[in-house]
Amino acid sequence: MELKREEIFRYNPQEFCRPYDEVIAAAPDKEPERQYYFMQYARTLLKADFEEQMAKGAAAARYGEEKAKEMLSQGIYGTFKINTFGCQMNAKDSEKLTAILEVIGYQEAEGEKADFVLYNTCTVRENANLKVYGRLGQVGTLKKKDPHMLIALCGCMMQEPEVVKKLKTSYGFVDLIFGTHNIFQLAELMVRRFHQRKMVVEVWEGTDQIVENLPADRKYPFKSGVNIMFGCNNFCSYCIVPYVRGRERSRKPEEILNEIRNLAADGVVEVMLLGQNVNSYGKTLDEPITFAQLLRQVEQIPGIERIRFMTSHPKDLSDELIQVMKESKKVCPHLHLPLQSGSSRILKAMNRKYTKEQYLELAFKIKKEVPDISLTTDIIVGFPGETEEDFLETMDVVEKVKFDSAFTFIYSKRTGTPAAAMENQVPEEVVKDRFDRLLAKVQEVGSSVSGREIHTCQQVLVEEVNHQDPALVTGRLGNNTVVHFPGDASLIGKIVDVEMDEFKGFYYMGHKID
Ligand code: 5AD
Ligand code: SF4
């Protein structure tokens, strides 16, 4: 009997592999060895399946004859596409997932269509969730036409039990669901999916585990994010992060420094140290160390020219850190310091643990010690109970601090957070009006302080050839401002001196100085 294309399918363990019990029994218990074992095994399965598809002509039909042959000769057995929502943490997780998929034998798809489609989700605000459901609907239609596709979901949304429940009941075509603590297990979960041939769900509620030395992949050859800690212990009353990312865990400094040394040896000149609250780094380690001490150690690594970090909580920002920023030639003069609200009353309800006056004092101290610093922030409008007076306090802080830029958000009710149960939710039209006024204020103060480097010479890290004009390259100053200037691809990844000739609102045009 002739088998239908989807029945030949793919990853049929009966054809290619050993019984699942045996596979699991042979897996090492220790990480990351266990994951390398599953990566290797998943690769064997994909390869056997691809060869089968080649023999049956299905691979040629799918990718084109030439392309299919080329893929096989290069050890590539399928394509993938990762869609990342949300913050830098998710972007970093997606790099890790990319690396695992590449080891398994997948190659990044050129367009939207791929054999393995993954959504790395965010749930900080509700509209991020809605976007994912919309996209899933579309990809579900694609899968109906092409049952060979695998669809996976991970990230913060998966940590919410109601989301997983909804996916199980209404989106049964999803193959793989895993949480923020299970990123490192992608290969293991894929193997489980291949064998069980039904939806696999693995979402840990929390973990103490930090798995080191997994494969790594970088979007840019010259800059990289580096996780220094995971989770958050602050429980700001509006925020879902502590529930979906778990308790705060710091990586050991040796692990971080080793990773950065390896990155430097591989040509990386800029690192971004990542954590929900980097200022409390190291407090829970067996041998505690401060974030400022860690920065001093990173600074010693030859080859690393620029150090950035994200995000700082005002309550934990130490004088020691300000001192390091002041003295260091490598720590960039940019600080992202979320304000959230300028009203002490609202800040208290938000559980932010600082007042308006304390924030202002801190911002002025930093500006005094590091005069060329660029200060950016996050602000929420419409937190429950916010009055016009509270809102005007926020406007006042924006005016006084003169942030270079600010991310402004409309408060979004997140189920399970204390703020969701608060009374006095602010009416939508009032919030919208405040949001518009805040945005105008942020733009006004931003433009009053920007452009201050005009006609000065600045060090610029060149990031890419300009998308609009290939005669130009685009790079960033230490404070993160963008500059375009004449140059070519040979400059990418280099730090060069550039004169800032013209300021265009939020970027410079310049020329390179030899
Ligand atoms: N509603 C609106 N904005 C939020 N943020 C976090 N939680 C919420 C919420 N429930 C914002 C904060 C934070 C940024 C990453 O997202 O400003 O700093
Ligand atoms: Fe959320 Fe507050 Fe933690 Fe930031 S510090 S992740 S806003 S709880």
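Note that these values count all heavy atoms, side chains included, but never hydrogens, waters or copies made by symmetry. Computed from a prediction, not measured in an experiment: that's the story for all the values here. Residue indices begin at 1 and follow the sequence shown. All ligand and atom numbering here is 1-based and tracks the order in the structure.
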Checking a contact table here: which protein heavy atom is nearest atom 2 (Fe) of ligand 2, and how many Å away?
C236 SG, 2.3 Å
Which protein heavy atom lies closest to atom 7 (S) of ligand 2, and at what distance to 0.1 Å?
Y238 OH, 3.3 Å
Heavy-atom nearest neighbour in the protein, as seen from atom 2 (C) of ligand 1, with distance rounded to 0.1 Å
I410 O, 3.4 Å
Is there a heavy atom of R352 sitting under 4.0 angstrom from any atom of ligand 2?
yes
Any donor-acceptor N or O pair under 3.5 Å, side chains E160, T123
yes
Please tell me whether F435 and F409 form a close aromatic pair, meaning their ring centres lie under 6.0 Å apart.
no
Heavy-atom nearest neighbour in the protein, as seen from atom 12 (C) of ligand 1, with distance rounded to 0.1 Å:
Q340 OE1, 3.4 Å
Ligand 2 contact on P338 by region, counting heavy-atom pairs under 4.0 Å
neither
Parallel under 30°, tilted from 30 to 60°, perpendicular over 60°: which one fits the rings of F291 and F309?
perpendicular
Distance alone, cut at 3.5 Å: any donor-acceptor contact between the side chains of Y238 and Q340?
yes
In terms of residue, atom name and distance, what is the protein heavy atom nearest to atom 16 (O) of ligand 1?
R125 NH1, 2.8 Å
State plainly whether the residues R437 and E388 are in salt-bridge range, i.e. N to O under 4.0 Å.
yes
Nearest to atom 10 (N) of ligand 1, what protein heavy atom do you find, and at what distance?
S412 O, 2.8 Å
Which heavy atom of the protein is the closest neighbour of atom 18 (O) of ligand 1, given with residue, atom name and distance?
D378 OD2, 2.6 Å
Out of K353, Q276, M89, who gets a non-hydrogen atom closest to atom 4 (Fe) of ligand 2?
Q276
Do me a favour and list the nearest non-hydrogen protein atom to atom 1 (Fe) of ligand 2 with residue, atom name and distance?
C239 SG, 2.3 Å
Please state which protein non-hydrogen atom is closest to atom 7 (N) of ligand 1 and give its distance, to 0.1 Å?
Y238 CD1, 3.3 Å
If we number the atoms of ligand 1 from 1 as shown, the ones under 4.0 Å from a heavy atom of R414 are 10 (N)
Using a heavy-atom cut-off of under 4.0 Å, does the side chain or the backbone of R245 touch ligand 2, or both, or neither?
neither
Please verify whether a non-hydrogen atom of I240 lies at under 4.0 Å from ligand 1.
no
State whether a side-chain donor-acceptor pair under 3.5 Å links N120 with S94.
yes
Under a 3.5 Å threshold, yes or no: a donor from one side chain and an acceptor from the other, between T376 and D404?
no
Hey, are Q185 and Q35 close enough side-chain-wise for a donor-acceptor pair under 3.5 Å?
no
Nearest non-hydrogen protein atom to atom 5 (S) of ligand 2, with distance, is N234 ND2, 3.4 Å
Under 3.5 Å donor-acceptor, N279 side chain and S312 backbone
no
Out of the candidates E327, E320, K326, only one should pair with Q323 under the side chain to side chain donor-acceptor pair (under 3.5 Å) rule; please name it.
E327
Number the atoms of ligand 2 from 1 as they appear, then name those within less than 4.0 Å of a heavy atom of P242, with their elements.
8 (S)
Does any N or O in the side chain of N479 come within less than 3.5 Å of the main-chain N or O of T481, such that one atom is a donor and the other an acceptor?
yes
Could you tell me whether any N, O or S atom belonging to C232 is less than 2.8 Å from atom 3 (Fe) of ligand 2?
yes
